[in-house]
Amino acid sequence: MTQKDILILFLVLSAIWTAIWFKVILSIPNIQPEEEVTKNANTLRRRLAFPMIAALVILLTAVFYWSPYPIFREHTIGKPEVTVNVNSFQWGWILDADTLPVHKVVEFNVTSRDVNHGFAIYNSEGRLVAQTQAMPGYVNKLIFKFDEPGEYTIRCLEYCGVSHHVMLATFTVD
Amino acid sequence: MSDHSIDGPAYGSENRPILRIALVYMLTGFVIFLIMGILGLIMRLDHAGWWVISPNWFYRIMTLHGAGMVASLLMAALGGIIAILNRTVKLSARWLWSAYVVYSLSVPFLLYAVLIGGFSGGWTALDPLPYHGMTWSKSAGVMMYVTFLAVGVGFLIYCVHVFDAVRRKAGGVRRALAWEVIFSRKSDAQPYEPEVAELAAIATAIIGIVTVIGGVLVLVPLFAEAAGLVKSVNPLYSKNFIMLFGHSIANVTIYIAVALVYGLLPVYTKRGGHTTKFVALAWNFTIILVLTPPPHHLYQDFAQPLGLAIIGQVASWSIAPSVLLLTILGNLSYIYRSGMRWAVPSVMIALGFWGWVFGGIGGTIDSAIPANQLLHNTLWVPAHFHAYYLLGVTTFVWGYLFYLISDLSGVREKASTKIAAWLYGIAGAGFLLVFFFSGADSIPRRYAVHLPEWNLYAAIAVPFVLLTIVSLLWIIADMIRGLRSAWRNTSAVK
Ligand code: HEM
Ligand SMILES: [Cu+2]
């Protein structure tokens, strides 16, 4: 799943909703008694409730399975083979490696020295591929496997003061 | 069916001072909203690379815009509820003015924090940043939290009063929450049916009270830290409670705004106005559905106990079936084939339902943890909540304000103003779509400086923003004609 898939899903759902909305708006001049509309609405409500809730419950399981939390990622991606420690401060990143292996499971141990930061990895095309928060006093473990070699950029994704947008670092994957 | 919900406010002389308070809340909110909108335009101009401002000023503007918008729209929505409640519930002018005064103290505090203290830590003021801003002093950070306090206490005064007034009228909280309607069986005696506005008012007042308690639970330790009583506050703790406070105060606003729709729609459709079982269920669910999703703001804090992420996820996704099947379907059935009369307020309501669900789709997707991994703190997030606000809250609330002024003054709207209302919707939708596309292109939120390859998005957004401003001015030009006589008609002596 990438942002593009998400955008398409969003646009499709929005288009469906917009069509329903137009149908309602265009129906207005064609008057029907309130009791009949209410009865139909109640029937529709009864018919939709179960499938909608069932779909959400099924999706919920998938959501957790595909979540980025370490206990799930160890199953979906694998056990970490390489560990990188990441520290952050206003305004910069300290990584104890600047080159990472491709096709190996990497574990980033992310923390902060001062305020909250957001450790976000952007690929060479400028697409956000993974992230976790950097919070003082806590270590967040982000497990990720790089499938493409190249230059990656770390951007801060939690607002941390006036130089937040220049809080960058890079590393190479090969 | 109760007649007053169709015929609009009853202007008994004792009601007039309360209606004036309602007007003051709404107009205060409206004026601040307009100024904050200009600040929004400035940020988008900066993103387009057309009017580059220093990061220092960008982040100050961002902080003012966020805090000002959230607080002003909540206040305006409360004003609307006051006007509707006033038809059937005895409210106290003294309580409502007190709430207004305390709430409004937030304005000088915020201005002091940002313009004099240089605070630019964002409207959420996420600890530990406010006391460690590097470019502003700790006292500016404290001032920001004092701003929170003023809004929180002002809102609390309103909530406690409304809770009490509605409870008293109904003869108990359960009756006020329409539990007799929900649990009634055919054989029972006639259940007590509160007005929809009363039910909505007490449900949102309960949310408000819990929200402010959540705020106090983080503000007290933060003030203690500022006073040197404790060394620091656990950042995971403070983040959870700041998000509970911030999310709930923002989220409850749309439900308060929807409550206005229940009061207004019958005027145009001659339908609805009843507290049916579904309406009653919807408002009771709302209490839970506003207060339980805030952990979704901490999905990317992997140190957070997994249980809280599960609660956030399940709660966030429970909103969709509940709101769609109860509130949206219910309101659409009031509109569907109703012969609804088109006027500025009814256009705004129709647009508001579109925007609410549109923003809701964006939010529901973002609240799926794997999607959030790719969208968190990108422009997708402001896209989602701007849709809620700009095409949900503001259309409902300004639609109501427009109605209230024309109703109080007897000055009828010009037929052409409907065009402005539609324009507002089209312009808003364009602006929002660009925000969503920007988010899907991984553009971070809260970046003072955008990369050259991102400029194009903001450049496309700017004309839409200008169009929302033009349409608003057009609506104002019509609304203002009745303002003076509406004001006079709410004076106590006549
Ligand atoms: C035409 C109207 C508006 C425009 C052009 C606008 C524009 C913007 C822009 C450009 C940002 C910064 C996004 C970023 O880079 O992170 C922003 C943030 C924000 N806006 Fe608006 N906005 C508008 C209306 C509203 C409304 C109606 C609300 C209602 C509450 C609102 C609330 C916020 C909040 C809470 C933030 C976040 C500030 C922060 O991140 O600290 N905006 N807006
Ligand atoms: Cu940052």
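Chain naming here is simple, since letters A, B, ... match the order of the sequence lines and numbering starts at 1 in each. Quantities reported herein were computed from a predicted structural model and do not represent experimental measurements.
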Would you sort out whether Phe302(B) and Tyr138(A) count as a ring pair (Phe, Tyr, Trp, His ring centres under 6.0 Å), showing the intermediate values? CA-CA 9 Å; Phe302(B) 297 176; Tyr138(A) 290 87; over 10 Å; no

Heavy-atom distances under 4.5 Å only: say whether His450(B) touches chain A with side chain, backbone, both or neither. neither

Met144(B) side, atom CE; Thr124(B) side, atom OG1 - distance, nearest 0.5 Å: 8.0 Å

Gap between atom CG of Asn109(A) and atom OG1 of Thr83(A) - 0.5 Å precision: 6.0 Å

Measuring heavy-atom distances to chain A, does Leu129(B) have an atom under 4.5 Å in its side chain, in its backbone, in both, or in neither? both

Can you tell which part of Glu36(A) gets under 4.5 Å to a heavy atom of chain B, answering side chain, backbone, both or neither? neither

Could you tell me which portion of Trp454(B) (side chain, backbone, both or neither) has an atom closer than 4.5 angstrom to a non-hydrogen atom of chain A? side chain

Where is the tightest heavy-atom contact between Ala134(A) and Asn140(A), given as atom of each residue plus distance? N-ND2, 4.5 Å

Quick one: which of Thr135(B), Thr276(B), Leu375(B), Leu329(B) has the most heavy-atom pairs under 4.5 Å with chain A, could you say? Leu329(B)

Is the NZ or CZ atom of Arg341(B) both under 6.0 Å from the centre of the six-membered ring of Tyr268(B) and within 45° of that ring's axis? no

Leu56(A) side, atom CG; Thr61(A) side, atom OG1 - distance, nearest 0.5 Å: 10.5 Å

Which portion of Arg60(B) sits near chain A, non-hydrogen atoms under 4.5 angstrom: neither

By a 4.5 Å heavy-atom criterion (distance strictly below it), what part of Phe72(A) contacts chain B: side chain, backbone, both, or neither? side chain

Scanning both residues in full, the closest heavy-atom pair of Pro321(B) with Ile53(A) reads CB-CG1, 4.3 Å

Can you tell which of His165(A), Lys141(A), Met52(A) has the highest number of heavy-atom pairs within less than 4.5 Å of chain B? His165(A)

Compute both the distance and the angle, then confirm whether Arg446(B) meets the cation-pi test with Tyr59(B): under 6.0 Å from the six-membered ring centre, within 45 degrees of the axis. no

Turns out that what part of Phe278(B) lies under 4.5 Å from chain A's heavy atoms comes down to side chain

By number, which residues in residues 333-340 of chain B have some heavy atom less than 4.5 Å away from chain A? Ser333(B), Tyr334(B), Ile335(B), Tyr336(B), Arg337(B), Ser338(B), Gly339(B), Met340(B)

What part of Leu433(B) lies closer than 4.5 angstrom to a heavy atom of chain A: side chain, backbone, both or neither? side chain

Ranking Val139(A), Asn116(A), Leu48(A) by heavy-atom pairs under 4.5 Å to chain B gives rank one to Asn116(A)

Rounded to the nearest 0.5 Å, what's the gap from CG on Asn234(B) to NZ on Lys239(B)? Could you check? 12.0 Å

Just verifying a value: how many Å separate Ile154(A) CD1 and His117(A) NE2, rounded to the nearest 0.5 Å? 12.5 Å

Residue selection (most heavy-atom pairs with chain B, distance under 4.5 Å) from Leu9(A), Val24(A), Leu13(A): Val24(A)

So which of Pro33(A), Pro136(A), Pro29(A), Gly137(A) has the largest heavy-atom pair count under 4.5 angstrom toward chain B? Pro136(A)

Got Asn240(B) and Met243(B) here, is their nearest side-chain heavy-atom distance under 4.5 Å? no

Counting heavy-atom pairs closer than 4.5 Å to chain A, which one of Tyr299(B), Tyr131(B), Phe353(B), Trp136(B) comes out on top? Tyr299(B)

Region of Val129(A) that comes under 4.5 Å of a non-hydrogen atom in chain B: backbone

So Phe108(A) and Phe171(A), would you call those rings parallel, tilted or perpendicular, with 30° and 60° as cut-offs? tilted

Tell me which of these, Ile71(A), Asp114(A), Leu59(A), has more heavy-atom pairs under 4.5 Å with chain B than the rest. Leu59(A)

What part of Leu326(B) is in contact with chain A, defined as an atom under 4.5 angstrom from a non-hydrogen atom: side chain, backbone, both or neither? both

Shortest non-hydrogen contact from Gly121(B) to Thr63(B)? N-OG1, 3.7 Å

Is Ile328(B) in contact with chain A via its backbone, its side chain, both, or neither, using a 4.5 Å heavy-atom distance? side chain

If you tally heavy-atom pairs under 4.5 Å against chain B, which of Met1(A), Lys23(A), Lys4(A) wins? Met1(A)

According to the interplanar angle, ranging from 0 to 90°, do the rings of Phe358(B) and Phe10(A) count as parallel (below 30°), tilted (30 to 60°) or perpendicular (above 60°)? tilted

For the residue pair Tyr159(A) and His164(A), does the interplanar ring angle fall in the parallel (under 30°), tilted (30 to 60°) or perpendicular (over 60°) class? perpendicular

Note: vs chain A, highest number of non-hydrogen pairs under 4.5 angstrom among Ile365(B), Val357(B), Asn56(B) is Val357(B)

One thing to verify: whether Lys79(A) and Glu74(A) come together as a salt bridge, which I'm taking to mean a side-chain N less than 4.0 angstrom from a carboxylate O. yes

Heavy-atom distance under 4.5 Å to chain B: side chain of Tyr122(A), backbone, both or neither? side chain

